[in-house]
Amino acid sequence: LTDKYDGVIIVAHKTDNTIHIIERKTGETLHILETGIEPHEVEVSHDGAIAVVCNYGNRKEVGNTLSVYDIKNATLIRTIDLGEHARPHGMQWITGTSKMLVTAESTNNLLVVDVEKGVVERAIGTEQPISHMVAASIDFKTAFVPSIRTGNVTIIDLQTDSIIAQVYSGKGAEGAAV
C-alpha cells in the first residue's frame with residue numbers, strides 16, 4: 001500500500017449508508033463510498049488491502065449483503081449476497097486466507113464466507129437467537145458466538161461445524177474476544 005493508505009481508519013455510517021476512509025495522521029477524509037443498508041461492522045484483511053462491511057439493514061428493509069472494498073483504490077470490488085442469511089453482524093477474518101467468519105442474526109448461524117470468491121461456503125447453526133458477534137481462537141479451530149437474547153455463548157468446533165457447548169455469560173451478551 002502507498003503511504004497515503006497506510007494507517008487509514010475506515011468508519012461505517014449507518015445513517016447515510018456509507019463508509020469514510022480517513023487518513024489516520026491528518027484526519028482528512030480521503031473517500032466516502034456507498035455501502036448497503038445500515039452498515040454495522042468493518043473488518044480489514046491482514047494485509048490491509050481489503051475491507052469488508054456487513055450491511056445489516058433497518059426496520060423497513062432487511063440487509064443480507066457484505067460489501068467488499070479495495071482500500072488503496074477506494075473502490076467497491078463486489079457485493080456478496082448472503083441469501084437467506086440476513087442481518088449480518090459480527091465478522092472476523094480467518095488469518096492467512098480469503099475467508100471470514102460472519103454471524104447472521106436472522107438465521108442464527110455462523111457463516112464461513114470466501115470473500116475472494118464471493119460465496120457462503122458453510123452455515124453453522126448456533127441454536128441461539130440473535131447470534132451477534134464472533135471471536136475465534138488464534139488457530140481458528142474454535143469460534144465463540146454470544147447471543148443477545150439468551151446470554152449464552154455458543155462454542156463451535158470449526159473443524160467439524162458442531163457445537164461444543166453453550167455457556168451462560170450474562171443477559172444481553174454481545175461482544176467477545178479471545
Side-chain angles (χ1 to χ4, degrees), residues 9-12 14 19 35-36 38-57 62-71 77-178:
I9 300 167
I10 301 168
V11 180
K14 289 178 9 178
I19 58 168
T35 64
E38 287 201 15
H40 273 228
E41 306 295 333
V42 180
E43 278 288 316
V44 176
S45 61
H46 291 90
D47 64 2
I50 304 294
V52 178
V53 176
C54 62
N55 302 307
Y56 187 83
V62 175
N64 70 334
T65 61
L66 304 176
S67 298
V68 182
Y69 299 92
D70 175 321
I71 297 171
I77 298 171
R78 73 182 50 84
T79 300
I80 301 172
D81 186 338
L82 302 175
E84 68 179 307
H85 303 291
R87 302 272 189 222
H89 205 286
M91 298 186 296
Q92 185 174 354
W93 283 96
I94 299 174
T95 305
T97 73
S98 66
K99 299 174 185 179
M100 66 185 333
L101 301 172
V102 180
T103 60
E105 287 185 0
S106 70
T107 58
N108 307 319
N109 281 290
L110 177 63
L111 309 176
V112 178
V113 177
D114 188 317
V115 175
E116 189 175 296
K117 293 178 182 175
V119 297
V120 175
E121 283 192 344
R122 312 190 315 263
I124 307 162
T126 65
E127 299 179 1
Q128 297 293 305
I130 311 179
S131 297
H132 194 62
M133 299 297 282
V134 61
S137 59
I138 196 162
D139 60 5
F140 288 92
K141 291 182 179 178
T142 310
F144 304 85
V145 181
S147 165
I148 293 175
R149 184 162 297 145
T150 66
N152 289 331
V153 176
T154 302
I155 304 170
I156 297 171
D157 181 326
L158 293 172
Q159 306 300 301
T160 63
D161 294 351
S162 62
I163 294 174
I164 296 170
Q166 292 178 336
V167 179
Y168 184 73
S169 67
K171 191 173 184 176
E174 287 198 30
V178 176

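Because only heavy atoms are used, hydrogens play no part in the values below, and waters and symmetry mates are left out as well, while side chains stay in. Numbers for residues simply follow the sequence, beginning at 1.
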Search all heavy atoms of A176 against all heavy atoms of A135 and return the closest pair with its distance.
O-CB, 3.5 Å
Run the side chain to side chain donor-acceptor pair (under 3.5 Å) test on T126 and T154 for me, step by step, so that the C-alpha distance in whole Å, both residues' side-chain angles and the decisive distance to 0.1 Å come before the verdict.
CA-CA 6 Å; T126 65; T154 302; 4.8 Å; no
Apply side chain to side chain donor-acceptor pair (under 3.5 Å) to T103 and list each qualifying residue two or more places apart in sequence or on a separate chain.
none
Could you give all pairs that pass the salt bridge (Lys or Arg N to Asp or Glu O under 4.0 Å) test and reach residues 88-112, with sequence neighbours left out?
K99-E121
Chi angles and distances behind the side-chain contact (heavy atoms from CB on, under 4.5 Å) call for L110, L158:
CA-CA 10 Å; L110 177 63; L158 293 172; 4.1 Å; yes
Can you name the side-chain contact (heavy atoms from CB on, under 4.5 Å) partners of V120, sequence neighbours left out?
L82, L111, V113
Using the test side chain to side chain donor-acceptor pair (under 3.5 Å), find all partners of N109 that sit at least two apart in sequence or belong to another chain.
T107
Tell me, please, which residues at least two apart from Q128 pass side chain to side chain donor-acceptor pair (under 3.5 Å).
T150, N152, Q166
In terms of heavy-atom contacts, A49 and D47 come closest through N-OD1, 3.0 Å
Drop me the distance from L101's CG to M133's CE, to the nearest 0.5 angstrom.
12.0 Å
Working to the nearest 0.5 Å, report the span between CD1 of I19 and CD1 of I9.
13.0 Å
From E116 atom CD to I80 atom CD1, the distance as rounded to the nearest 0.5 Å
10.5 Å
Short side-chain to backbone donor-acceptor contact, S147 and P129, under 3.5 Å
yes
Listed once per pair and sorted, the ring pair (Phe, Tyr, Trp, His ring centres under 6.0 Å) pairs that draw on residues 138-177, sequence neighbours left out:
none
What salt bridge (Lys or Arg N to Asp or Glu O under 4.0 Å) pairs are there with at least one residue in residues 133-154, not counting sequence neighbours?
none
Using salt bridge (Lys or Arg N to Asp or Glu O under 4.0 Å) as the criterion, list what pairs up with D161, not counting sequence neighbours.
R122
Which pairs count as salt bridge (Lys or Arg N to Asp or Glu O under 4.0 Å) when at least one residue sits in residues 81-91, sequence neighbours excluded?
none
At their closest point, which heavy atom of V42 faces which heavy atom of A12, and how far apart are they?
CG2-CB, 3.8 Å
Does any part of the side chain of T142, heavy atoms only, come nearer than 4.5 Å to the side chain of I155, both counted from C-beta?
yes
Residue set satisfying ring pair (Phe, Tyr, Trp, His ring centres under 6.0 Å) with Y56, at least two apart, ordered chain then number -> H40, H89
Any sub-3.5 Å donor-acceptor pair from R78's side-chain atoms to V115's backbone N or O?
yes
Which distance, rounded to the nearest 0.5 Å, do you find between the CG of D70 and the OG of S45?
9.5 Å
Start with the C-alpha distance between V68 and T79, add both sets of side-chain angles, then the distance that settles side-chain contact (heavy atoms from CB on, under 4.5 Å), and finish with yes or no.
CA-CA 6 Å; V68 182; T79 300; over 6 Å; no
Strictly distance-based, threshold 3.5 Å: is any side-chain N or O of N108 a donor or acceptor partner for the main-chain N or O of E127?
no
Heavy-atom distance under 4.5 Å between the side chains of P88 and L66, does that happen here?
yes
Got I138 and V178 here, is their nearest side-chain heavy-atom distance under 4.5 Å?
no
By the side chain to side chain donor-acceptor pair (under 3.5 Å) test, which pairs, at least two apart or in different chains, include something from residues 169-178?
H132-E174
Which residues pass the side chain to side chain donor-acceptor pair (under 3.5 Å) test with S67, sequence neighbours left out?
N55
